[in-house]
Undergrad: 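Shown below is the structure under consideration.
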Amino acid sequence: TSDSDTVTIYVYPKPTMTPAPTQICETSPSMDDTLTITGATTPDPQTVYSWYLTSATNYGYISANLPPGDSSIIVTTLPNLSGMYTYMAEVTDGFTTCIDTVTASIQVLPVNVTVTPTSANICPGDSVTLTASGTTTYAWSSNPAGFVSAAAVVTVKPAVTTSYYVIGTLGTCTDTDTVVVTVNPKPTVVATTPKDTVCAYSTTSVLATPAGAGPPWTYLWWPATGLSSATAANPTVTMGATAITYYVQVTDPIGCKSDTDSVTIYVYPKPTLTVAPTQICQTGPSMDDTLTITGATTPDPQTVYSWYLT
């Protein structure tokens, strides 16, 4: 019998395909990526590479009519269509005649950072909450400068109208958004009355004159005592026996409230009647007595006195 012998059959290494980079950004100005196949016997002008996009729903583009031996191509994905783009190539090695397929995937990251609300109007001293979404990390800044944060949800309280900027990052991709928070000036109001001193139990009125972002305006008077309406701009006042001070505040259409203003209406003092003397004698030579009214505005020739015996 003969001695035994052995033979070893080797397998050519399978080619590989790598994208560079493996991720691209949906908002990038260029959506190009490069696919490169390595591992085929090179250099060999007879090696053939046939390229395919494995799923038409990925909306990718591959250059057509590639020449034999072209082991690297540029692929383009359409903007605003995030997802995983998988490409396949059939490689016919010109030296070994081996045929194999290789695949590689490119991830298009959906980068679109947004802030809600898209704008805001606030009153002096108020705050507003801004919410960023669409990425995994955030970096806030402002103009005028002074505000920074890395949170997705922030609460801001600017003293003046301010622009807030957020940079959102997803992987290696970034996007930006801006929101303007407008600080509206506080409205003003002046309270007046046509006559600041009136007779007891008479009627008069008060008037609120606002200025600012209105109309329409919302009015609030207090106390409501004697007012025909506590929410009118020019309510009628029915006076009592004593002076009264009314306060008013207005609210503009944005919801900003004014400081309060006030107006006081005084009441003229009630006249009094005095008798001098208060007693007289039935048998006296004279039955005369003097009645005197005091307290009316004097001297005033227009003051009228009408006398009655009750």
Side-chain angles (χ1 to χ4, degrees), residues 120-129 144 155-162 181-279 289-310:
N121 287 280
I122 64 172
C123 305
D126 288 351
S127 61
V128 63
T129 297
T155 298
V156 296
K157 188 179 180 180
V160 297
T161 296
T162 301
V181 178
T182 302
V183 181
N184 297 280
K186 182 185 292 187
T188 61
V189 65
V190 176
T192 57
T193 184
K195 191 174 182 181
D196 62 3
T197 305
V198 297
C199 299
Y201 308 108
S202 63
T203 59
T204 184
S205 64
V206 287
L207 173 65
T209 304
W217 301 98
T218 300
Y219 301 88
L220 180 62
W221 292 90
W222 70 93
T225 305
L227 293 178
S228 60
S229 171
T231 57
N234 187 204
T236 299
V237 178
T238 301
M239 292 296 297
T242 59
I244 188 168
T245 299
Y246 289 106
Y247 301 87
V248 67
Q249 184 180 58
V250 297
T251 304
D252 67 19
I254 300 167
C256 300
K257 298 181 183 298
S258 70
D259 293 330
T260 60
D261 195 25
S262 65
V263 60
T264 300
I265 305 175
Y266 298 94
V267 174
Y268 288 116
K270 184 178 180 179
T272 58
L273 177 66
T274 59
V275 180
T278 58
Q279 293 180 333
D289 204 345
T290 301
L291 300 177
T292 303
I293 296 175
T294 58
T297 304
T298 56
D300 191 332
Q302 302 302 315
T303 301
V304 177
Y305 302 90
S306 300
W307 295 91
Y308 306 91
L309 180 63
T310 60

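All figures in this text were calculated on a predicted structure; none of them were measured in a lab. Just so you know, these numbers use all the heavy atoms, side chains as well, and skip hydrogens, waters and symmetry mates.
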Undergrad: Before giving the answer on side-chain contact (heavy atoms from CB on, under 4.5 Å), spell out for L207 and N234 the whole-Å C-alpha distance, their side-chain angles and the decisive distance to 0.1 Å.
TA: CA-CA 4 Å; L207 173 65; N234 187 204; 3.8 Å; yes
Undergrad: What pair of heavy atoms forms the shortest contact from W217 to G212, and how long is it?
TA: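 What the structure gives for the nearest pair is CH2-N, 3.6 Å.
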Undergrad: Which pair of heavy atoms, one from P185 and one from D252, lies closest together, and at what distance?
TA: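 Answer, listing the atom of P185 first, then D252: O-OD2, 4.3 Å.
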Undergrad: Specify the closest pair of heavy atoms between A208 and V248, including all atoms of both residues, with the distance to one decimal.
TA: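 Looking at all heavy atoms of both residues, the shortest contact is CB-CG2, 3.9 Å.
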Undergrad: Tell me, yes or no, whether the heavy-atom count around Y266 atom OH, taken from other residues, nucleotides or ligands under 6.0 Å, exceeds 12.
TA: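 Atom OH in Y266 is not crowded, with 12 or fewer foreign heavy atoms closer than 6.0 Å.
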Undergrad: Return the minimal non-hydrogen interatomic distance between P235 and S229, and the atom names on each side.
TA: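 Closest heavy-atom pair between P235 and S229: CB-O, 3.2 Å.
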Undergrad: Is there side-chain contact between D126 and C256, with at least one heavy-atom pair below 4.5 Å?
TA: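 No; the side chains remain at least 4.5 Å from each other.
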Undergrad: So, the side chain of S205 versus the backbone of V237: is there a donor-acceptor pair under 3.5 Å, distance only?
TA: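 Answer holds: no.
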Undergrad: Please determine, by modelled atom types, if S258 and T188 share a side-chain donor-acceptor pair under 3.5 angstrom.
TA: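 No - no donor-acceptor pair under 3.5 Å links their side chains.
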Undergrad: State, with a plain yes or no, whether a side-chain heavy atom of T162 is found less than 4.5 Å away from one of V156.
TA: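 A side-chain contact is absent here, since even the closest heavy-atom pair is not under 4.5 Å.
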Undergrad: Would a distance-only check, ignoring hydrogens and angles, find a side-chain to backbone donor-acceptor pair under 3.5 Å from N184 to I122?
TA: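 Between the backbone of I122 and the side chain of N184 there is a qualifying donor-acceptor contact (under 3.5 Å).
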Undergrad: Taking all atoms of both residues into account, what is the closest heavy-atom pair of K195 and I265, and its distance?
TA: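 Taking every non-hydrogen atom into account, O-CG2, 4.3 Å.
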Undergrad: Roughly how far, to the nearest 0.5 Å, is CE of M239 from OG1 of T197?
TA: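 Between T197 OG1 and M239 CE, I get 9.0 Å after rounding to 0.5 Å.
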Undergrad: Would you call the rings of Y246 and W221 parallel, tilted or perpendicular, taking 30° and 60° as the class edges?
TA: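 Plane angle over 60°, so perpendicular.
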Undergrad: Taking all non-hydrogen atoms of both residues, which atom of P144 and which atom of T161 are closest, and how far apart?
TA: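 Scanning both residues, the minimum pair turns out to be CD-O, 3.9 Å.
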Undergrad: Checking D261 side chain against Q249 main chain: does a donor-acceptor pair fall under 3.5 Å?
TA: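 Side chain of D261 to backbone of Q249: no pair is present.
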